[in-house]
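See structure below.
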Protein chains: 2
Amino acid sequence: MSGRVTIRDLARAAGVSVSTASKALNDNGRMADETRARIKRIASEIGFRPNALARGLLSSRSFTVGLLTNDTYGRFTLPVMAGISEALVDHGVSVFLCAIEDDPALGKIHVDAMLDKQVDGIIATGKRVDRSLPVDLAGLPVPVVYAFTAGTPDSVTFTADDAQGAGLATAWLREIGRRRLAHVTGPEDFASVRERAFAFASEAGGNAPILYGVWSESWGHEAVARLWDDGGERPDGIFCGNDQIARGVIDALRERGVKVPGDVAVIGFDNWEILAQQTRPPLTTVDMNLKELGREAGLMVLSLAEGRTVEPGLRKLPCKLVVRQSCGGARYA
Amino acid sequence: MSGRVTIRDLARAAGVSVSTASKALNDNGRMADETRARIKRIASEIGFRPNALARGLLSSRSFTVGLLTNDTYGRFTLPVMAGISEALVDHGVSVFLCAIEDDPALGKIHVDAMLDKQVDGIIATGKRVDRSLPVDLAGLPVPVVYAFTAGTPDSVTFTADDAQGAGLATAWLREIGRRRLAHVTGPEDFASVRERAFAFASEAGGNAPILYGVWSESWGHEAVARLWDDGGERPDGIFCGNDQIARGVIDALRERGVKVPGDVAVIGFDNWEILAQQTRPPLTTVDMNLKELGREAGLMVLSLAEGRTVEPGLRKLPCKLVVRQSCGGARYA
DNA sequence: TCACTATGGGAAAAGGTTTTCTCATGTCGA
DNA sequence: TCGACATGAGAAAACCTTTTCCCATAGTGA
């Protein structure tokens, strides 16, 4: 009688046994349709909702998954999280979010806590596709899915197709008539940087310049300085490794009096909306579909939790190009 | 025998009964110290961890809280979440994150799911202090704490002290010798905008201009245009309503050849690090201590869940000033 | 030797739900 | 009228842990 209404209260109110009440609600067992309907009606009248703890104890399914991340700013984690949540809420599944920074001890604490709470599965995500979280998720008693972070070879891993995304951007620049392309991107030790650069080179030609640097606006500035001041041929189309760099590039071009998109078209990467939309002009950029990626990861971990067996391996999800004004207006809009 | 090791396995391994095993682990009951130590040792050897579901069923504590938010980009939610998580992980509590956008139906679904899972409490957070979430949290069977979103009058609500933060910024501008101050901020229908503006006016003097607009960089640009082109006295210190506006202001000043911080000192609000640090020069800004706010909210909801009774009401936590270069270098650094 | 107490440890109930098994009643065909 | 069978619904076990109550055994004092 602790305030919460249990199935015993329901049984008493309906004048049936606890087992009949349970069967009525779950469409189990045999019983008169009238009885079933009456019990369901009374259940909703008295506001009965089954205790998920008790149910989970029995079914060894807690309808709970854990999301582990080391992405502090949440730039990548939030869309992934949104996708997971959206996909799983229909199945009655809730998500534990655990930010573990890069602290192995903290990671272990959170993983243990999740296991204690009998999560149905764990999704690992992060800020970098070629690094793994500082915690070992192999051999856990629950399924683990990796999304936008490195997984073990025999695990299921989702990631964005960097090469395809970079190809999309480069092809677009060519399609709108730009011929002198350049790529300004992040540190070469990022796998995605290398993949994007390779795809760019394939599409733009081997002698199109590729400038590696860091993930910051100021590097965008500096890269423009190099491209404009070192006497080489100046580009009319720049594909940037992320939106921050693109922002720096655009600001630097404006400061030099170079028109965007008139003289130079610029494309970013990430579609970090709050930045891409505020850039002047708003940024055409590659969207990694992280929400969709989260959705797939969520459904996958649920499948695994339900016992379905799937082929392990890396699954690359396609990127899409979001056309704004930094390339000269929406062509398809 | 489903792979997971239960207390029965432990009891069998130790040659004692289940109840003895339980008592040994929880330092309950009377037993030989040697027995207790032996059981604990065996428990850790075989990797026994109590099933939180079963434990929760008994204690009606799930060691779980729900965090409800409508802040899509997570700019405010993430620090709050980090604070909550940090404060509660020590207590073995995990956090469900539920992003409900502004959808009442979705909100209800998530709240129901959390209640089904017997959360010990709910923390509501958002993106705006004077709006409440699109879901009614009154009369729930678990404690509710509001953090950075509007709560009911008889609830416990945490928020940042906007007036104090604005006072901090304005006083700092005066302290570094600026005398012609202006305030460029967001829409006047935000309570925090009004509070900050009032505090600014008190400190800067009643005829210091206050420009209301929207939360965007482009408004920052436009505001500078107005201040510089309408023939009035030009400011030498601008306090902005958020970091995005400050960014726009700084960019606009640079385009006009006005030096920051030489000619004009600029202060932002929010300390949205990824933006504030990338601004050139890096932005001096007011930090609302959202992480601390989350920590307090987490501890509060835990207290309430444990039955402690606290005085309801609004609790304002102080802001702090983060000094970077947009005001002329760190004075205390 | 007896009654009593302290000590160490076990049995069982409780928490809320689901599922399997069992039972009672009624209906039908032979 | 009897057996077979379908139908409706209840009893009990199971999930795992904690806690209360109880029972042996040994030790102590009279």
Side-chain angles (χ1 to χ4, degrees), chain A residues 1-40 42-43 46-64 92 113 115-120 141, chain B residues 1-40 42-43 46-64 92 113 115-120 141:
Chain A
M1 223 29 64
S2 67
R4 251 148 169 162
V5 31
T6 78
I7 201 170
R8 309 180 103 86
D9 302 325
L10 170 58
R12 202 173 313 120
V16 297
S17 73
V18 167
S19 36
T20 303
S22 170
K23 283 183 293 191
L25 297 178
N26 296 298
D27 289 326
N28 263 347
R30 291 173 321 201
M31 115 188 22
D33 286 351
E34 193 275 332
T35 310
R36 198 182 292 278
R38 185 170 54 89
I39 294 178
K40 284 185 176 175
I42 298 181
I46 66 177
F48 168 73
R49 298 193 57 105
N51 182 326
L53 263 48
R55 184 182 257 170
L57 191 54
L58 210 48
S59 61
S60 37
R61 294 267 281 103
S62 63
F63 291 92
T64 282
L115 292 177
D116 289 352
K117 283 161 186 137
Q118 312 292 114
V119 290
D120 295 335
Chain B
M1 224 23 69
S2 67
R4 250 147 169 159
V5 31
T6 80
I7 200 171
R8 310 182 100 85
D9 303 325
L10 169 59
R12 201 174 313 122
V16 297
S17 75
V18 168
S19 37
T20 303
S22 171
K23 284 184 290 190
L25 296 178
N26 296 299
D27 289 328
N28 264 348
R30 293 173 319 202
M31 101 188 38
D33 286 351
E34 192 274 332
T35 310
R36 200 182 291 279
R38 185 170 53 90
I39 295 178
K40 283 185 176 178
I42 297 181
I46 66 176
F48 168 73
R49 297 194 58 105
N51 181 326
L53 263 45
R55 185 183 256 171
L57 192 53
L58 212 47
S59 62
S60 37
R61 294 268 282 107
S62 63
F63 291 92
T64 280
L115 292 178
D116 290 351
K117 280 157 189 145
Q118 313 291 115
V119 290
D120 295 336

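In the text below, chain A, chain B and the rest are named by the order of the sequence lines, each starting its count at 1. Computed over heavy atoms, backbone and side chain alike; hydrogens, waters and symmetry mates excluded.
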Side chain of A/M31 (C-beta onward), nearest among C/dG9, D/dA9, D/dT19: D/dA9
Do other residues, nucleotides or ligands put more than 12 heavy atoms under 6.0 Å from A/N26 CG? yes
Indicate yes or no: at least one non-hydrogen side-chain atom of B/L115 is less than 4.5 angstrom from one of A/R49. no
To the nearest Å, give me how far apart CG (B/D116) and P (C/dT18) are. 11 Å
In whole Å, what is the span from the CD1 atom of B/I7 to the C1' atom of C/dA11? 14 Å
Can you tell me the distance, in whole Å, between the CD1 atom of B/I39 and the P atom of D/dT17? 14 Å
Out of D/dT17, D/dT19, C/dT19, whichever nucleotide has its closest atom nearest the side chain of A/K23: C/dT19
Looking at D/dA12, D/dT19, C/dT17, which one has an atom nearest to any side-chain atom of A/L58? C/dT17
Without decimals, in angstroms, what is the distance between B/L53 CG and D/dT18 P? 13 Å
Starting at the 5' end of DNA chain C and moving along, which residue's nearest nucleotide shows up first, B/R36 or B/R55? B/R36
Rounded distance (Å) that lies between atom P of C/dT7 and atom CD of B/E34: 17 Å
Using a 4.0 Å heavy-atom cut-off across all strands, classify A/V16 as base, sugar-phosphate, or nothing. sugar-phosphate
Side chain of A/S19 - closest among D/dC16, D/dA11, C/dT17: D/dA11
In whole Å, I'd like the distance from the CZ atom of A/R61 to the P atom of C/dT17. 18 Å
Side chains of A/M31 and A/T20 in contact at under 4.5 Å (non-hydrogen atoms): yes
Hey, are the side chains of A/L53 and B/S62 touching, using non-hydrogen atoms and a 4.5 Å cut-off? yes
Counting C-beta onward and ignoring hydrogens, is there a side-chain heavy-atom pair between B/K40 and B/D27 closer than 4.5 Å? yes
Nearest nucleotide by nearest heavy atom, which residue falls closer to the 5' end of DNA chain D, B/G29 or B/A54? B/A54
Report the residue (B/N26 or A/R30) whose heavy-atom-nearest nucleotide on DNA chain D is the more 5′ of the two. A/R30
Provide, to the nearest angstrom, the distance between the CD atom belonging to A/Q118 and the P atom belonging to D/dT17. 8 Å
Give B/T6 one of three labels, base, sugar-phosphate or nothing, depending on what nucleic acid heavy atoms sit under 4.0 Å from its own. sugar-phosphate
Side chain of B/N28 (C-beta onward), nearest among D/dG10, D/dT19, C/dT17: D/dT19
Please classify the nucleic acid contact of A/T35 as base, sugar-phosphate, or nothing, using heavy-atom distances under 4.0 Å. sugar-phosphate
Taking B/R4 for its side chain and A/P141 for its backbone only, find out whether a donor-acceptor pair lies under 3.5 Å. no
From the list C/dG9, D/dT17, D/dT19, which nucleotide is the closest neighbour of the side chain of B/T20? C/dG9
Taking atom P of C/dG8 as reference, at what distance in whole Å does atom CZ of B/R38 sit? 14 Å
Ranking C/dG15, D/dT7, D/dT20 by distance to the side chain of B/L57, first place goes to C/dG15
